[in-house]
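Lettering follows sequence order; numbering is per chain, from 1.
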8 protein chains.
Amino acid sequence: MADVAVIVGSTSDIELAKRATSILEEFGVSYETRVLSAHRTPELLKDYVKDFEVRGGKVFIAFAGYAAHLAGVIASYTTLPVIGVPVASSVLNGMDALLSMVQMPEGIPVATVTINGGANAALLAVSILSTFNQTLKEKLLKYREERVRKIEEANKNLR
Amino acid sequence: MADVAVIVGSTSDIELAKRATSILEEFGVSYETRVLSAHRTPELLKDYVKDFEVRGGKVFIAFAGYAAHLAGVIASYTTLPVIGVPVASSVLNGMDALLSMVQMPEGIPVATVTINGGANAALLAVSILSTFNQTLKEKLLKYREERVRKIEEANKNLR
Amino acid sequence: MADVAVIVGSTSDIELAKRATSILEEFGVSYETRVLSAHRTPELLKDYVKDFEVRGGKVFIAFAGYAAHLAGVIASYTTLPVIGVPVASSVLNGMDALLSMVQMPEGIPVATVTINGGANAALLAVSILSTFNQTLKEKLLKYREERVRKIEEANKNLR
Amino acid sequence: MADVAVIVGSTSDIELAKRATSILEEFGVSYETRVLSAHRTPELLKDYVKDFEVRGGKVFIAFAGYAAHLAGVIASYTTLPVIGVPVASSVLNGMDALLSMVQMPEGIPVATVTINGGANAALLAVSILSTFNQTLKEKLLKYREERVRKIEEANKNLR
Amino acid sequence: MADVAVIVGSTSDIELAKRATSILEEFGVSYETRVLSAHRTPELLKDYVKDFEVRGGKVFIAFAGYAAHLAGVIASYTTLPVIGVPVASSVLNGMDALLSMVQMPEGIPVATVTINGGANAALLAVSILSTFNQTLKEKLLKYREERVRKIEEANKNLR
Amino acid sequence: MADVAVIVGSTSDIELAKRATSILEEFGVSYETRVLSAHRTPELLKDYVKDFEVRGGKVFIAFAGYAAHLAGVIASYTTLPVIGVPVASSVLNGMDALLSMVQMPEGIPVATVTINGGANAALLAVSILSTFNQTLKEKLLKYREERVRKIEEANKNLR
Amino acid sequence: MADVAVIVGSTSDIELAKRATSILEEFGVSYETRVLSAHRTPELLKDYVKDFEVRGGKVFIAFAGYAAHLAGVIASYTTLPVIGVPVASSVLNGMDALLSMVQMPEGIPVATVTINGGANAALLAVSILSTFNQTLKEKLLKYREERVRKIEEANKNLR
Amino acid sequence: MADVAVIVGSTSDIELAKRATSILEEFGVSYETRVLSAHRTPELLKDYVKDFEVRGGKVFIAFAGYAAHLAGVIASYTTLPVIGVPVASSVLNGMDALLSMVQMPEGIPVATVTINGGANAALLAVSILSTFNQTLKEKLLKYREERVRKIEEANKNLR
């Protein structure tokens with residue numbers, strides 16, 4: 001059973017989703033990836049969302065571009081946290097997807113992250129899971145320390 | 001049986017929807033109004049959309065603000081034309097709703113009209129119905145002539 | 001006689017219009033393509049629009065970039081539905097064309113679709129025609145089923 | 001015969017247009033005001049534009065909000081200079097009207113001024129007329145000097 | 001000990017934060033409210049964030065307007081989930097705060113919700129806490145059912 | 001003596017300005033080109049503007065990108081018509097230059113045209129000059145007819 | 001002799017400028033206020049700027065709305081630091097003024113602060129002066145401490 | 001000891017920062033460059049900022065993209081002037097970074113310059129330092145004269 005469901009609205013978003021799944025793997029978080037469209041496959045999407053929750057899944061990550069309804073529609077079928085990644089696939093550079101995700105009306109929130117921000121979506125999922133998982137929390141701290149170390153190194157190279 | 005379904009995403013949009021229904025009444029087009037949310041009542045919405053089509057309805061008009069998924073979600077459940085009216089209910093003046101409606105990804109179009117443009121949505125619905133209804137077409141022509149007459153009158157008053 | 005008139009505001013939009021006409025062909029919907037500019041050929045445009053309606057045409061699709069007046073000007077000469085495709089040909093990525101099409105003042109609507117969304121414009125035209133054409137409706141349903149099938153296949157490949 | 005035609009796309013713009021006509025009166029420039037819509041009265045608009053040019057008119061000023069096609073459509077029927085004033089009448093604060101006016105495609109320019117900038121439109125018309133009218137030029141210089149004087153006075157009051 | 005820390009960047013945001021805290025109370029989630037500024041009180045903010053985590057807190061909610069750094073700065077001091085509410089307090093209607101929150105660079109995510117969306121922030125916090133708390137999950141389901149019921153009632157009133 | 005002064009704010013805009021000067025040459029309108037910056041060479045700019053007017057020049061065309069003050073500063077030193085061409089040289093795609101030109105405060109207008117619209121700037125200059133020059137007017141009419149002819153030809157090729 | 005020149009582009013900005021001058025007074029920094037327009041009084045502006053520098057002035061603060069050229073034009077006449085405050089006086093909420101100030105082309109910078117941010121402009125001027133003035137630096141530190149104290153008090157009131 | 005600290009939020013901004021440091025070198029202004037992130041290395045950043053001020057540094061220049069908190073966070077730890085350079089590293093072309101820097105709430109200003117404007121940031125730093133350094137002021141004047149000379153030369157080449 002997977003903890004995180006990574007759903008892309010289009011096969012063209014699969015590459016971008018790998019920025020999220022590679023982070024999840026790095027943290028040892030189980031996940032499954034699906035291509036499911038809010039508009040083209042509404043029934044499949046609903047069935048999958050409900051099934052994932054029943055099977056004990058914990059967090060959704062949704063990638064979508066254009067009028068990105070995917071995350072909101074997922075959220076309408078579950079009470080689990082839904083993380084939305086706006087994808088800059090249209091000519092509007094992701095501003096359309098950002099507003100379509102973040103501006104959810106009162107009652108059904110979507111946790112929106114950076115446009116094209118697959119890594120941040122995964123890190124947010126890990127953070128959510130870590131609230132009740134000490135091992136994950138320690139991994140997060142190490143991940144951050146490693147990044148501090150890299151910046152210290154960069155400064156050494158600068159001088 | 002109604003030809004047009006007027007769906008608002010929130011009770012706060014009912015007033016705005018009356019700009020559409022008053023036009024439909026003026027043209028003698030039958031309609032029904034519902035409050036249905038893509039996020040809070042996804043099942044009710046789906047059932048209503050499918051039922052409306054089965055009962056012989058012809059056109060949907062959807063009013064929604066914020067991340068306005070309503071029109072797109074309706075369109076995912078029907079092949080009937082769906083007209084979307086972005087509502088300027090958030091602080092972003094309707095730009096969020098506009099992009100959430102018009103930027104539909106390939107495969108499922110939404111016929112988007114002016115922000116807060118209830119009258120234009122109704123006129124578009126009449127225009128669609130008039131493609132196979134000569135009486136409606138004549139009413140549309142008269143409606144336009146009446147507006148020309150009003151402008152001519154305004155010019156007389158100006159001088 | 002054609003059911004759909006596909007009008008481009010500039011020869012540079014012809015390629016983009018093919019995304020619409022290839023869909024129309026797939027659905028067996030008759031169409032004709034014209035290059036006509038609201039600004040450079042206002043008389044030709046008016047004559048063509050009126051003639052197309054007289055000949056029994058049903059729907060207009062207009063492609064235009066920059067200050068995209070084409071769809072609105074067509075709509076001023078006909079009561080048939082006019083679908084507008086904003087084209088991202090200027091440096092503003094189509095935001096100029098989108099607002100010039102969708103923000104039509106009260107009285108004359110334009111059914112605006114996705115920026116560069118030729119396929120969606122054609123699908124909307126098919127949807128409008130299908131309201132009184134059972135064969136087209138069935139083709140639309142099959143088109144959608146085919147797309148569901150493709151997504152199911154993509155998910156099989158993912159695993 | 002009037003030198004300047006002031007055309008508003010809607011009766012609601014008449015008040016704003018007075019900012020232009022009061023300046024024209026101040027400079028003794030003859031003008032006539034009309035309400036003419038690019039979409040609701042395309043034939044009246046065309047006839048008026050062509051007639052105004054035949055009668056010896058020199059400059060057009062067009063006020064329009066929303067998808068403001070008025071100035072561009074006027075320009076398609078005349079080679080006289082057309083000054084466009086985007087009006088902030090929609091919820092988008094005039095950004096829709098601005099882009100619909102200024103982003104004219106190559107071949108037919110519109111001289112666009114400040115959103116709601118009736119006074120600037122009139123001053124631009126005066127400036128254009130003054131290129132071949134020494135009296136107007138002198139009035140323009142005096143107008144500017146008067147404004148310098150007012151600022152000098154404001155500074156005296158400040159101290 | 002509180003599960004949720006609600007931090008406002010300015011005393012003027014306290015009213016808005018009550019939309020969040022009233023939801024938290026409705027769900028029986030413990031919380032504490034603080035006024036802490038990323039720029040004016042960086043040390044106090046850091047100390048509070050670290051202390052809240054040590055004391056066993058689970059989720060942060062940050063309200064901020066203008067260049068809203070608050071959520072990002074909190075996230076730099078904790079691995080707990082940080083929910084950001086962009087506040088429309090400047091003349092830019094919250095677009096500045098939205099981009100300052102959601103566009104976090106890779107490594108430190110902020111879970112951004114609707115501009116001024118205090119209720120959605122609280123519901124997201126509840127959703128996160130509910131991933132390991134069955135009672136909260138049931139309350140969330142009841143909350144949603146209640147909202148479905150309200151919409152059903154609205155429809156009865158409509159007819 | 002030249003009728004039109006074409007001023008670019010930076011040597012990098014010279015190529016773009018050729019779209020204007022080639023049109024001016026086609027119409028037989030005399031012009032001179034200068035590189036003059038509102039910020040780097042304020043004195044040279046002022047002297048040139050005043051001298052051009054004294055020598056009998058009629059119209060200014062200014063090309064500038066970024067915070068494009070060039071057209072406004074020229075207009076502050078002359079009562080002649082000043083046409084502004086916003087240049088998309090910064091990362092903001094010319095939106096910065098557009099607003100810096102068109103949003104002139106009351107008193108000093110700039111006739112702003114399409115972003116990067118060198119040809120439209122030249123056609124507007126020709127239009128202004130043609131208000132008192134019958135030969136230019138006839139050339140403008142021929143120019144437009146030629147463009148109609150090209151579109152008619154394009155339609156023949158389409159079929 | 002004053003250290004800071006506070007220049008407003010219009011008498012309507014004087015009230016806003018008082019947010020800056022009240023801060024300057026609080027810090028005991030000498031200043032003088034002028035109304036000077038880049039477009040209506042270019043010569044007065046130039047003379048004042050050059051004179052202020054000759055008299056030993058140290059910093060300029062410029063308030064302007066619309067196409068806000070004031071700060072850039074000041075900077076073209078002096079090598080002293082110029083702080084720009086974009087004013088939200090047009091319908092575009094200060095976005096026009098912001099881009100007209102901050103997007104200065106290479107060579108002549110303007111230190112731009114928050115839209116309508118008179119207080120921040122004054123604090124930046126104080127900060128610049130404090131780089132060589134220990135007394136001012138200490139006042140700045142006290143100003144900040146006072147604000148920390150106020151936030152601590154607000155938190156006490158919250159509990 | 002360096003007068004200017006040039007801080008980049010990411011190693012990917014080092015190249016852009018060289019536009020600033022090459023100007024500082026041209027003016028003989030001492031500087032040091034660091035990679036320090038407001039989010040990944042908050043403690044290192046704070047320590048560096050405080051140390052730089054203690055050591056007698058005078059001005060900070062901060063380069064950051066996305067939700068660019070770097071300049072604001074630096075300003076929260078020092079009373080020295082902080083110059084912010086928004087970097088166009090995300091898909092939003094630097095509009096996110098611009099608003100995240102310039103829209104600082106009241107109390108802590110950031111002197112924001114052109115997006116990607118490394119040279120302007122350096123020139124502003126030189127200008128600030130020159131307020132108490134006559135040699136630098138003369139160098140600034142020479143730098144400007146040199147640029148006037150280049151434009152004069154460009155005009156010679158044009159003719």
Asker: Within the 4.5 Å heavy-atom criterion, are F:Val4 and F:Leu129 side-chain neighbours or not?
Answerer: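 F:Val4 vs F:Leu129: side chains touch.
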
Asker: Examine whether an atom of F:Thr112 lies under 4.5 Å from a heavy atom of chain D, and if so say whether it belongs to the side chain, the backbone or both; otherwise answer neither.
Answerer: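 Interface part for F:Thr112: both.
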
Asker: Please state whether the side chain, the backbone, both or neither of D:Ile23 comes within less than 4.5 Å of a heavy atom of chain F.
Answerer: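 Neither part, no heavy atoms under 4.5 Å.
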
Asker: Please tell me whether F:Thr78 and F:Glu53 have a donor and an acceptor in their side chains that are separated by less than 3.5 angstrom.
Answerer: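 There is such a pair between these side chains.
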
Asker: Just by distance, do the side chain of F:Thr114 and the backbone of F:Gly117 share a donor-acceptor pair under 3.5 Å?
Answerer: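 No: the side chain of F:Thr114 does not pair with the backbone of F:Gly117.
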
Asker: So what's closer than 4.5 Å to chain D heavy atoms on F:Val113: side chain, backbone, both or neither?
Answerer: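 F:Val113 touches chain D through backbone and side-chain heavy atoms alike.
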
Asker: Which bit of F:Leu99 is near chain D, if near means a heavy-atom gap under 4.5 Å: side chain, backbone, both or neither?
Answerer: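 For F:Leu99, side-chain heavy atoms alone lie under 4.5 Å from chain D.
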
Asker: Compute both the distance and the angle, then confirm whether F:Lys58 meets the cation-pi test with D:Phe132: under 6.0 Å from the six-membered ring centre, within 45 degrees of the axis.
Answerer: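 Verdict for D:Phe132: a cation-pi partner in F:Lys58.
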
Asker: Based on non-hydrogen pairs under 4.5 Å, which of D:Leu124, D:Val126, D:Leu136 is most in contact with chain F?
Answerer: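 Heavy-atom pairs under 4.5 Å are most numerous for D:Leu124.
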
Asker: Quick one about D:Glu138 and D:Tyr143 (side-chain donor to acceptor, distance below 3.5 Å, no hydrogens or angles considered), yes or no?
Answerer: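 Result is no, nothing qualifies.
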
Asker: Measure D:Pro105 against the heavy atoms of chain F and call it side chain, backbone, both or neither at under 4.5 Å.
Answerer: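 D:Pro105 touches chain F through backbone heavy atoms alone.
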
Asker: Is any side-chain heavy atom of D:Phe52 closer than 4.5 Å to a side-chain heavy atom of D:Arg34?
Answerer: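 Side chain of D:Phe52 against side chain of D:Arg34, heavy atoms only: no contact under 4.5 Å found.
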
Asker: For D:Val102, is it the side chain, the backbone, both, or neither that has a heavy atom closer than 4.5 Å to a heavy atom of chain F?
Answerer: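 Both the backbone and the side chain of D:Val102 come within 4.5 Å of chain F.
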
Asker: Where does D:Ser130 contact chain F at under 4.5 Å (heavy atoms): side chain, backbone, both or neither?
Answerer: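 Looking at D:Ser130, just its side chain touches chain F.
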
Asker: Return yes if some donor-acceptor pair links the side-chain N/O of F:Ser127 with the main-chain N/O of F:Leu123 below 3.5 Å, else return no.
Answerer: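 Side chain of F:Ser127 to backbone of F:Leu123: no pair is present.
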
Asker: Measure F:Ile108 against the heavy atoms of chain D and call it side chain, backbone, both or neither at under 4.5 Å.
Answerer: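 For F:Ile108, the contact with chain D is made by backbone and side chain together.
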
Asker: With a 4.5 angstrom heavy-atom cut-off, which part of F:Arg144 approaches chain D: side chain, backbone, both or neither?
Answerer: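 Contact with chain D: side chain only.
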
